[in-house]
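Every chain is numbered from 1, with letters handed out A, B, ... down the list of sequences.
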Amino acid sequence: MSFYDSSKIEKKWQKYWLENKTFKTPENTDKPKYYILDMFPYPSGSGLHVGHPEGYTATDILARYKRMKGFNVLHPIGWDAFGLPAEQYAVKTGTHPRITTERNIIRFREQLQMLGFSYDWDREVDTTDPNYYKWTQWIFLRLFERGLAYEDEQPVNWCPELGTVLANEEVIDGKSEVGGYPVIRKPMRQWVLKITAYADRLLEDLDGLDWPESTKEMQRNWIGKSIGAEVDFNVPDLNEKIRVFTTRPDTLFGATYMVLAPEHNLVDVLTTEEHKTSVEKYKEAAGQKSDLERQELSKEKTGVFTGAFAINPVNNKEIPIWIADYVLAHYGTGAIMAVPGEDERDWEFAEKYDLPIIRTVQPPDNFDGKAYTGDGPSINSDFLDGLHITDAKTKIINWLEENGVGNKSVNYKLRDWLFSRQRYWGEPFPVIHVDGKPKAVPDKDLPVTLPDIKNFQPTKSGEPPLAQAVYWVETTDPETGKKAFRETNTMPQWAGSCWYYLRYISPDYEGGPVDQEKEKYWMPVDLYVGGSEHSVLHLLYARFWHKVLYDCGVVSTKEPFQRLVHQGMILGEMEYSAYELDGKIISADEAAQIEGVTRIPLSETDVEKKGERFFMKGTEINVDAKAYKMSKSRGNVINPDDVVKNYGADSLRLYEMFMGPLEQVKPWSTKGVEGVNRFLNRSWRLFFGDGETVKFNISDSEPDKNQLKILHETIKKVTEDIENMRFNTAISALMIFVNEANSWESVPKSVAETFVLLLSPFAPHMAEELWNRLGNYNTLAYEEWPAYKEEYLISDSIEMAVQVNGKVRANISVPSDKVTDKDFVIGLAKQQKNIIRYLEDTTIIKEIYIPGRILNLVVKQ
RNA sequence: GCCCGGGUGGCGGAAUUGGUAGACGCGCCGGACUCAAAAUCCGGUGGCAGCGAUGUCGUAAGGGUUCGAGUCCCUUCCCGGGUACCA
């Protein structure tokens, strides 16, 4: 039996591709270009997991396909190598993060090469390389020059366990996204990037992008633009004004009280003597709460009265001023007018503290809720009465502006981006402090490199590890010669990944982050593939930097990533579980209610499905059937190295694409890998026969009509499916071809060659080997992609269904040249035994014929 | 709660976008080869009834539009992801 030795053949071609630089990006620009990018991997110590090759195989297939289609393809890879794990490892072991990082990169590179990806290995970039972060710093200086990077003392998310501050986005439910440690609020001096200045452009330019709608929607929500008005409320006793932001100025007549955030700077001024104690107490309690506590305790609204009153400008009514932590200091003006009639939160608060509620929008008759937030005619609103929301808003805004008590206003949820971290393993800021003021390091002195230090531990007070490198921190201002101190914070990991896609274009260019001539040719990225976990942060930050670079004239496109696709997560194998309590097997439903149960793994053959649920075979005990996220603790992690060892890289690639649509979440199945592995072996045997001896099964004969038909059907299907990234059905088409061809006496060489080319993007190692053994001595990577000919697809006859009253009653075979002949088809149909039976004693009232598809005879008794 | 996805055989998934539901793969059943097993090959495989022809039910549930609905519309349920007092 001939057999395919995957490990030997795969290594052979990997070596060939590297040595011949087969996938070196062309330098000429005479052909159309295709820039296909994988999301920047972090080279972690645990190596590649099976999730990585999913997206990478998809892009690799496209890259290989586009090369064969005559495109110049840019398909690079590199390392987002700054980051916390290497630093934490350094704290623990004293190993410099550089050592760890280099080791991990080598491992990752080997693993990627083992999978046969067609990257241009001469374009690797590494964010920790001073030649790279020189330009990260350079871009930061452009931000600084433009006033888009500033220092600010502000309450930040301080994580004592990690010894660093975190961006708002890195805090999930009051805990750090990395590690899940508690996070507290602490005022500190920080670098902040003014992403809010680009909010509108980041929002508007989403419209032109070919991205998943859900991702665009998430970005829109994150930016959170809302249009409304600002209104001033006078506090006559104190001669003060309180400004509020509202999206519903039309409900102004229903504003029956005001609420300030506890941190609002007028709170102390407003509070009357008799309320001082309770207000102080409330403020203190709110200030001490961590974000987590604030969220947990916020189920029930709390607040206290300040004793002060403001005047509602539309009706001059006196309304009380409260403070409550359901009003956020950092959104809008940190103060609201409360309109309980049309706002659920205000209603809840008003109910609790017995504050007046006035409806100003007429709810529908059947409305039985509390606050009514829908549309309707205004009531109790003087000159707005009868107007619906939109018109009422316009009118009241005009009124506010005429009377000088307010104006139209826009607000964003998006906040400026907290950009500094108290870490060692990150890009140093190219900034020195002279006389207490930040000053840019001149471009010519870049990069500001990381000093070597021994102790990577941050200080308890929050001083970054770099502060220990006194010789590095203390420097002189090159301009004035004055004593200066280097910035000891470093940049967050996002920095390096904000612009890496540009560096790939000209990785060795010394005149700037990117060679502008080449940038014009290669940008934008035509296809960007990566996980949906980056839907907001990385993609928003990168878009922001790109727009700044656009404004600086460095790049020529407004957006970096034209088309974006997220690959779905790969889960562990499906698990069937029964549960045991005190030696007794109990049902999964029961187990979910009780603690202290033991999970008993079952095999697929132990269970059966009844209705919607799975049960232990022959019992009424229902069991769980679920695939879980891969995790070390669950022990369901699949290691790609093992898969490659057992089945080969081509099998892994093929399986990951065959599992289902790329974007979908799907469970792993080792049996499924065996399935595609069998397919590859069958493909191999197509060429080398099935006997004891290896015999070449290829003939020089001309392909017959039938062979050409199936071949060209396969070409058509595979081509269309690759174009649409439907790799699972493309592979299915290849399988159908092989199943068919296996029944042939021999395979005509021309057919065999075409098949090998079709297979090559998916299983490049086997394809190269077959191509070579067919007598071609060059790589097939730049062979022309096969084109199908319509003439071969036409068959002599077409199978069609005949329906009577919408139900299929017979199948007929119609000669191709008669397909458009309705009368002929109906005549043929009426000869069918089963049709005759159904037409008996009926009258045909309608004949619906869709040529080549279906004939439906509508009859009546 | 709100915003996005999505529910199709025992399992992963197909279905030319309104035209024969279940392609392809896994699993399972039967057969060939083998002393035997593995591997491989051949055949079968949605449920129910029937020897069969065939009939009938069937794409989460219910209703609607249509000659015809997995696909379009309405209602409900379930699962996954995001988000959460943003005024």
Extract from the structure each pairing of a protein N or O with an N or O of nucleotides 61-72 of chain B at less than 3.5 Å, listing the distance.
residue	atom	partner	partner atom	Å
B/C67	O2'	A/Asn856	ND2	3.4
B/C67	O2	A/Asn856	ND2	2.5

Polar atom pairs between nucleotides 16-18 of chain B and protein, under 3.5 Å, N or O only, would you list them?
none

Check nucleotides 48-53 of chain B against the protein and report each pair of N or O atoms closer than 3.5 Å, with its distance, or say if there are none.
none

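Side-chain contact of A/Glu344 with A/Thr373: a donor-acceptor pair under 3.5 Å is absent, judged by distance alone. Between the side chains of A/Ser226 and A/Thr247, no donor N or O sits under 3.5 Å from an acceptor N or O. A donor-acceptor pair shorter than 3.5 Å cannot be found between the side chains of A/Asn681 and A/Arg678. Inspection of the A/Tyr655 and A/Asn677 side chains reveals no N or O donor paired with an N or O acceptor under 3.5 Å.
Partners of A/Arg220 under the salt bridge (Lys or Arg N to Asp or Glu O under 4.0 Å) rule, at least two apart in sequence or in another chain, are A/Asp207, A/Glu213, A/Glu217. Partners of A/Phe245 by ring pair (Phe, Tyr, Trp, His ring centres under 6.0 Å), not counting sequence neighbours: none found. When the ring pair (Phe, Tyr, Trp, His ring centres under 6.0 Å) test is applied to A/Tyr353, the partners found at least two apart in sequence or on another chain are A/Trp322, A/Phe349. Under the rule for a ring pair (Phe, Tyr, Trp, His ring centres under 6.0 Å), the partners of A/Trp744 that lie at least two apart in sequence or sit in another chain are A/Phe737.
Nucleic acid contact for A/Ser532: none, since no nucleic acid atom lies under 4.0 Å from a heavy atom of the residue. Nucleic acid contact for A/Pro661: sugar-phosphate only, since backbone atoms but no base atoms lie under 4.0 Å from a heavy atom of the residue. The residue A/Asp346 sits apart from the nucleic acid: no heavy atom pair falls under 4.0 Å. Within 4.0 Å (heavy atoms only), A/Arg809 reaches sugar-phosphate atoms of the nucleic acid but no base atom. Within the 4.0 angstrom heavy-atom criterion, base atoms lie near A/Lys413.
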What dot-bracket string describes RNA chain B from 5' to 3', counting Watson-Crick and G-U wobble pairs whose defining distances are under 3.5 Å, with [ ] for crossing pairs and | for pairs to another strand? (((((((..(((......[....)))((((((.......))))))((((....))))..(((((..]....))))))))))))....
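Among residue pairs with one or both ends in residues 248-262 of chain A, those qualifying as side-chain hydrogen bond (donor to acceptor under 3.5 Å, both in side chains) are A/Arg248-A/Asp250; sequence neighbours excluded. Among residues at least two apart or in separate chains, side-chain hydrogen bond (donor to acceptor under 3.5 Å, both in side chains) pairs with a member in residues 711-721 of chain A are A/Lys709-A/Glu713, A/Lys717-A/Asp721, A/Thr719-A/Trp785, A/Asp721-A/Arg726, A/Asp721-A/Thr729. For residues 334-343 of chain A, the set of pairs meeting the side-chain hydrogen bond (donor to acceptor under 3.5 Å, both in side chains) definition, not counting sequence neighbours, comprises A/Glu342-A/Thr360, A/Asp343-A/Arg345.
The shortest distance between the side-chain N/O atoms of A/Arg678 and the OP1/OP2 oxygens of B/G27 is below 4.0 Å. OP1 and OP2 of B/A84 both lie 4.0 Å or more from every side-chain N or O belonging to A/Tyr326. Listed pair A/Asn739 / B/G25 meets the phosphate criterion, a side-chain N or O lying under 4.0 Å from OP1 or OP2. OP1 and OP2 of B/G1 both lie 4.0 Å or more from every side-chain N or O belonging to A/Lys370.
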For a quick check, with a 4.0 angstrom heavy-atom cut-off, what is the B/S/- contact string for nucleotides 2-12 of chain B, read 5' to 3'? -SS-----BSB
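Of the residues listed (A/Val339, A/Val314, A/Ile397), the one engaging A/Pro249 in a side-chain contact (heavy atoms from CB on, under 4.5 Å) is A/Ile397, and it is the only one.
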